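Only a predicted model underlies this, so the values are computations on that prediction, with no experimental measurement involved.
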Amino acid sequence: MLGLTGGIACYKIAELTRLLTKAGATVQVAMTEAATQFITPVTMQALSGRPVYTSQWDARIDNNMPHIDLSREADAIVIAPASTDFLAKLAHGMADDLLSTLCIARDCPLLVVPAMNRQMWMNPATQRNVAQLRADGVLVLGPDSGSQACGEVGDGRMIEPEAAYEAIVSFFQPKMLSGRRVLITAGPTFEPLDPVRGITNLSSGKMGFALARAAQQAGADVHLVAGPVTLDTPWGVFREDVQTAQQMHDAVMQAVADCDIFIAVAAVADWRANHVSEHKIKKTADRKLPSFAFVENPDILAAVAKLPHPPFCVGFAAESGNLDANGEEKRVRKNVPLLIGNLGPQTFGRDDNEVALFEAGGVTRLPRADKTTLAQTLIGEIARRLPDMSLIS
Ligand code: C5P
């Protein structure tokens with residue numbers, strides 16, 4: 001059930017509805033009178049594919065009790081955007097229109113996505129109401145900070161529809177990693193040669209970001225150390241951006257102490273220039289080619305696995321051939337309990353992947369799947385192996 005209340009952020013709910021229906025959710029829309037001033041029920045009906053309800057007095061419901069019938073059908077009620085007034089009503093248990101009555105008659109979880117002017121959000125009355133809602137077990141998603149429709153800048157704008165969608169999906173995932181801390185590296189690294197050039201690789205970061213998202217959805221506290229990529233941060237994930245392998249190594253070493261799981265997905269450059277030119281390297285008149293000397297970068301995964309009390313370490317390997325032999329050899333060499341191998345680098349940048357799990361007990365092949373689904377499967381596989389942690393520490 002998606003409930004819209006009055007606010008300019010109603011325009012974002014068209015996209016949120018589209019994302020939810022595309023993912024296979026049944027979206028039943030209910031709107032307050034005020035919400036219909038901002039977006040029409042016709043638009044919401046077209047996007048959700050179902051009739052929209054706006055009034056308690058609706059003859060379309062056989063027993064004329066829409067507040068009971070509609071709320072019983074819902075797995076969750078999401079109020080987006082949630083206006084100042086509606087939050088106040090919820091906090092005080094008021095029920096003077098269909099949507100507020102639906103909320104108070106519910107026997108399912110309630111999620112609210114606030115959207116309002118910054119002064120309205122900061123007002124002590126609103127803050128009291130939000131604290132009360134949290135205490136009542138309501139999940140509050142956002143708000144964001146930034147420029148607002150009224151021209152002011154501050155806290156109160158609705159989180160983007162993609163973030164709301166991710167948060168809702170996350171809410172429904174089984175919490176296999178609840179209370180666990182997960183550290184993930186993702187993307188390529190960039191090793192400069194001069195101020196404008198460097199060595200990097202074609203890793204898109206998609207697999208690492210998908211794993212970060214899936215781990216967060218499974219209830220983990222996720223710290224993502226990302227090389228240079230153009231991906232949005234998954235909802236609820238703490239992201240730290242780095243460029244070089246050395247920076248990635250340092251960020252990981254800083255964060256690893258209290259982690260339960262380390263997943264090294266990054267395609268870390270093996271070498272860096274031992275001297276980075278301060279100025280752009282120019283072509284010379286005699287067309288003499290520049291030469292570079294390289295030094296080896298630290299192996300981040302091996303370094304973490306070598307710690308006296310390492311977290312459960314998961315490595316990745318993109319092999320160009322003979323995956324079975326190379327995968328197991330790499331797992332043993334890196335001293336990790338689990339290594340996920342794929343026949344790369346042809347998987348770089350793609351949206352799907354086919355992997356095999358290497359561990360002491362043997363190899364398990366997973367069917368080809370899109371990276372989002374695969375990440376959820378892998379997080380499940382990792383979670384199942386966690387009880388063995390004591391054996392490797
Ligand atoms: O040795 P190779 O690069 O094939 O190993 C791949 C695995 O090791 C990946 O999990 C990768 O993230 C990790 N790795 C690392 N630091 C490096 C090189 C690789 O953490 N310098």
Side-chain angles (χ1 to χ4, degrees), residues 166 181-216 220-257 259 261-277 292 294-305 311 313-320 330 334 336 339-342 344-353 355 371-372 374-375 378-379 382:
E166 280 192 22
R181 288 169 181 271
V182 180
L183 180 62
I184 301 179
T185 63
T189 62
F190 180 88
E191 311 298 332
L193 296 172
D194 71 14
V196 294
R197 300 189 188 91
I199 309 171
T200 186
N201 60 64
L202 291 174
S203 168
S204 64
K206 283 180 186 168
M207 193 67 232
F209 274 57
L211 279 160
R213 180 176 288 110
Q216 190 280 334
D221 193 347
V222 183
H223 185 147
L224 174 64
V225 181
V229 294
T230 54
L231 298 172
D232 291 334
T233 309
W235 164 263
V237 166
F238 177 75
R239 172 176 176 176
E240 189 175 355
D241 284 320
V242 296
Q243 264 213 326
T244 66
Q246 189 62 52
Q247 289 166 355
M248 188 173 272
H249 170 272
D250 296 350
V252 164
M253 288 307 172
Q254 274 278 318
V256 77
C259 281
I261 304 167
F262 175 56
I263 313 178
V265 199
V268 185
D270 290 319
W271 314 281
R272 64 174 183 272
N274 72 346
H275 169 73
V276 179
S277 170
F292 300 97
F294 293 100
V295 289
E296 204 170 323
N297 272 325
D299 187 321
I300 304 167
L301 177 58
V304 171
C313 288
V314 182
F316 266 73
E319 295 297 330
S320 50
K330 187 165 290 184
K334 301 239 174 188
V336 295
L339 185 119
I340 298 163
N342 55 246
Q346 56 268 43
T347 62
F348 277 15
R350 284 182 62 136
D351 288 325
D352 62 352
N353 203 354
V355 302
K371 285 182 178 173
T372 304
L374 188 60
L378 288 174
I379 289 298
I382 292 167

Exercise. Does some side-chain heavy atom of Asn342 sit less than 4.5 Å from a side-chain heavy atom of Met207?
Worked result: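 No, too far: nothing below the 4.5 Å cut-off.
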Exercise. Does a side-chain heavy-atom distance below 4.5 Å link Leu183 with Pro311?
Worked result: no
Exercise. What pairs of residues pass the ring-ring contact (aromatic ring centres under 6.0 Å, His included) test when at least one of them lies in residues 220-241, not counting sequence neighbours?
Worked result: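 Matches after skipping sequence neighbours: His223-Phe238.
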Excluding sequence neighbours, so at least two apart, what forms salt bridge (Lys or Arg N to Asp or Glu O under 4.0 Å) with [X]?
X	result
Asp250	none
Glu166	Arg213
Asp232	none

Not counting sequence neighbours, which residues clear side-chain contact (heavy atoms from CB on, under 4.5 Å) with [X]? List them please.
X	result
Ala266	Thr185, Met248, Val268
Ala303	His249, Met253
Ala214	Ala375, Gln376, Ile379

I'd like to know if the side chain of [X] and the backbone of [Y] have a donor-acceptor N/O pair within less than 3.5 Å.
X	Y	answer
Gln247	Thr244	yes
Thr189	Ala269	yes
Glu191	Ala245	yes

For this session: Give every residue pair that meets the salt bridge (charged side-chain N to carboxylate O under 4.0 Å, His left out) criterion with at least one member in residues 196-205, sequence neighbours excluded.
Result: Asp194-Arg197
Seminar exercise, completed: Applying side chain to side chain donor-acceptor pair (under 3.5 Å) to Ser277 and not counting sequence neighbours gives none
Problem set entry | For Asp299, all residues meeting side chain to side chain donor-acceptor pair (under 3.5 Å), sequence neighbours excluded | Lys334
Problem set entry | Spatial distance of atom CG (Asp241) from atom OG1 (Thr233) [nearest 0.5 Å] | 7.0 Å
For this session: Among residues two or more places apart or on two chains, list those pairs meeting side-chain hydrogen bond (donor to acceptor under 3.5 Å, both in side chains) that have a residue in residues 263-273.
Result: Arg272-Asn297
Exercise. Looking at Gly315 and Val336, what are the two nearest heavy atoms and their distance?
Worked result: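 Taking every non-hydrogen atom into account, N-CG2, 4.4 Å.
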